[in-house]
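Notes follow the structure.
Here is how names work: the chains are called A, B, and so on, in the same order as the sequence lines, proteins then strands, and each is numbered from 1.
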Amino acid sequence: MSKSRLRFAPSPTGSPHIGNIRTAVFDYLYARHTGGTFILRVEDTDRTRYVEGSLEEMMKGLRWIEMQWDEGPEVDGGYGPYFQSERLEIYHKYAQQLVDEGKAYYCYCTRERLEEMRKAQEAAKLPTGYDRRCRELSADEREACAAENPHPVIRFAMKREGRTEFDDIVRGRVGFDNALQDDFVMIKADGFPTYHFASIVDDHLMQITHVVRGEEWLSSAPKHIQLYEAFGWEAPLWVHLPLILDTTGKKLSKRSGVSTSFYDYILQGYLPDAMLNFLATMGWSSGEDRKLYSREELIEKFTLEGIVNHPAIFDLAKLNDLNGEYIRMTPVEELAKMILPRLQEAGYVSQSPSDEEMRYLIEITTLNRDRMVTLGDAPDLVSFFYADDFVYEEKGVKKHLAKETTPAILKSVIEKLASVETWDTESIDAAVREGGLAVGVEGGRVIHPVRMAITGRTWGPGLFDLMQVIGKDRCIARLHRAEEFSSREISMS
RNA sequence: GGCCCCGUCGUCUAGCGGUCCAGGACAUCGCCCUCUCACGGCGGAGAUCGAGGGUUCGAAUCCCUUCGGGGCUACCA
């Protein structure tokens, strides 16, 4: 049996969509699972929707999630070119073949006429579709039409009777009445092929074995099947993936509350493997009660039979949970490197960090890892490790700094801390508690004001740990600052 | 409107005639850990398997009908 060949065929019409990447994930996983080939093909047949740079973004996105294609742009595999815009002669040749065989025909109808026809059909509550006016033109008629419209399209002559049926891997047998099918356009007036035609010619020429695509393509499958029959080619296996919906049950879109742009997730700081895990388990299940899969496990376990047939709602909470898991599984040194660029951008770390800066970063990362949902959380989470002039959190001020007793507590803690010789967590712990005891408070009553003084917030890593990392001098300076602030607050009220 | 697909806890799903008065995960709630938040641990609530008919000794699982949701209906993909 020959090797599987799957293609991911996006069109460069904008920033990569999360749903498209999910389709790519399935292509990639199955290709790898079967030891086959993962192909990237660019369906740039619509010149009006072409967006500069979107292919580059797509390739960057695929590489980011570590799904390198075996054939496609920048990787010649012998079946190219992989840009449909560079395959125009091929399409024309095959289109002409069908015309010559009477299986396709030139259509001279204007857009205006088509538009009117559609309106009339809708008004009469009839199924819309081309009325096949040009399907059986005589030579004379054709000549007359050609004079009227020098840029005809080529339409495929669909069967008018019977049914077109096929087996879909995820849905089983699916069938459509041929009488309801449309004589679709194969070659547009500008000479470019439509998706329906180009993808079939290419899939055949590139020896694609499985067509994996979204369910929105299911109803146009009869066109594709009949095209294969007309050419006498063997059709690939069909795999129509369930759609990804938003929380209102509609196809995921801009207005869905969550972003559909794959890039947004990269920017936000989701990890490639978390994203892969998330995307793979949306519409596919191994049958086990499991949530974490490594890339290798995904490849090993992925089967077409595991694809579910009902749509899935995009659940950001689940993605967040997964990402947190992956962040916690990442070794600190590595995690530190991952958040480094974000901290540099925030101005916390220099462009070429010294060893000292990196050591500090790693200590901070260790302390904050459990609280990170995405890498994007890092700058805010660690801000007080770098900036001394932070603003005190409003509710913490009320609770811990605006109290009559606070200045005395802080003063006492400063005193005890000042005499600490070995700045480790045990000594800090002891000093802070002693400082509280000296003025008659203990536990949280002393720790909370100190935390506010050191971090400006009511929550965060263990106080003594973070103080140890921040250092003695800075801690004492912050305590002084808070003490002054506290006295001011009290006198003002 | 027509055609097609889908329908198990709020969400992702397991389930493929009996071991299911339905299991796991996320979210949610409570408890524990604890200086706080988070992590972690434990526990709870949450689905009459969209509904109604069959078939069968027995159905979430098979059949029919019905309702609901979605997709497509372009010289876009």
Starting at atom [atom1] of [X], determine the distance to atom [atom2] of [N], rounded to an integer number of angstrom.
X	N	atom1	atom2	answer
A:W217	B:rC76	CH2	C1'	8 Å
A:I244	B:rC12	CD1	C1'	12 Å
A:F176	B:rC72	CZ	P	13 Å
A:Y293	B:rG24	OH	P	16 Å
A:E216	B:rC72	CD	C1'	9 Å
A:F192	B:rA74	CZ	C1'	18 Å
A:R171	B:rG70	CZ	P	16 Å
A:N320	B:rU11	CG	C1'	13 Å

Exercise for the section: Indicate whether the side chain of A:S427 and that of A:D424 have a donor and an acceptor atom separated by less than 3.5 Å. Expected result: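 Yes, a side-chain donor-acceptor pair sits under 3.5 Å.
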Exercise for the section: Could you verify whether a donor N or O on one side chain and an acceptor N or O on the other, from A:T164 and A:Q181, lie under 3.5 Å apart? Expected result: no
Exercise for the section: Measure centre to centre between the rings of A:F8 and A:F26, then say whether the value is under 6.0 Å. Expected result: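 That pair fails the under 6.0 Å test.
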Handout entry: Other residues, nucleotides, ligands: >12 heavy atoms within 6.0 Å of A:E442 CD
Key =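 No, the 6.0 Å shell around CD holds no more than 12 heavy atoms from other groups.
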Handout entry: Heavy atoms of other groups near A:H151 NE2, more than 12 under 6.0 Å
Key =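 Not more than 12 within 6.0 Å, no.
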Write down the distance separating the [atom1] atoms in [N] and [M], rounded off to the nearest Å.
N	M	atom1	result
B:rA27	B:rG70	P	28 Å
B:rC57	B:rU65	P	24 Å
B:rU28	B:rU11	P	16 Å
B:rG2	B:rA47	P	36 Å
B:rC72	B:rU56	C1'	39 Å

Exercise for the section: Quick one: look up who B:rG1 pairs with, Watson-Crick or G-U, both distances under 3.5 Å, and put none if it's unpaired. Expected result: B:rU73
Exercise for the section: Provide the Watson-Crick or G-U wobble partner of B:rG7, both distances under 3.5 Å; none if there is no partner. Expected result: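 Check on B:rG7: paired to B:rC67, both distances under 3.5 Å.
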Problem - Stepwise side-chain contact (heavy atoms from CB on, under 4.5 Å) check, A:T365 with A:M338 - result: CA-CA 10 Å; A:T365 307; A:M338 291 167 131; over 6 Å; no
Exercise for the section: Would you mind telling me which residue lines up with the more 5' stretch of RNA chain B, A:F314 or A:E43, judged by nearest nucleotide? Expected result: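 Of the two residues, A:F314 wins.
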Practice task
Return the 5'-most residue of the pair A:R290, A:Q181 with respect to RNA chain B, ranking by each residue's nearest nucleotide.
Solution key: A:Q181
Handout entry: Row check, A:Y130 ring normal vs A:R133 NZ/CZ: under 6.0 Å, within 45°
Key = no
Problem - Contact under 4.0 Å: A:T45 side-chain N or O vs B:rA77 OP1/OP2 - result: yes
Problem - Sequence-aligned protein contact record of nucleotides 32-48 of chain B, with B where the base is within under 4.0 Å of a protein heavy atom and S where only the sugar-phosphate is - result: ---BBBBSS--------
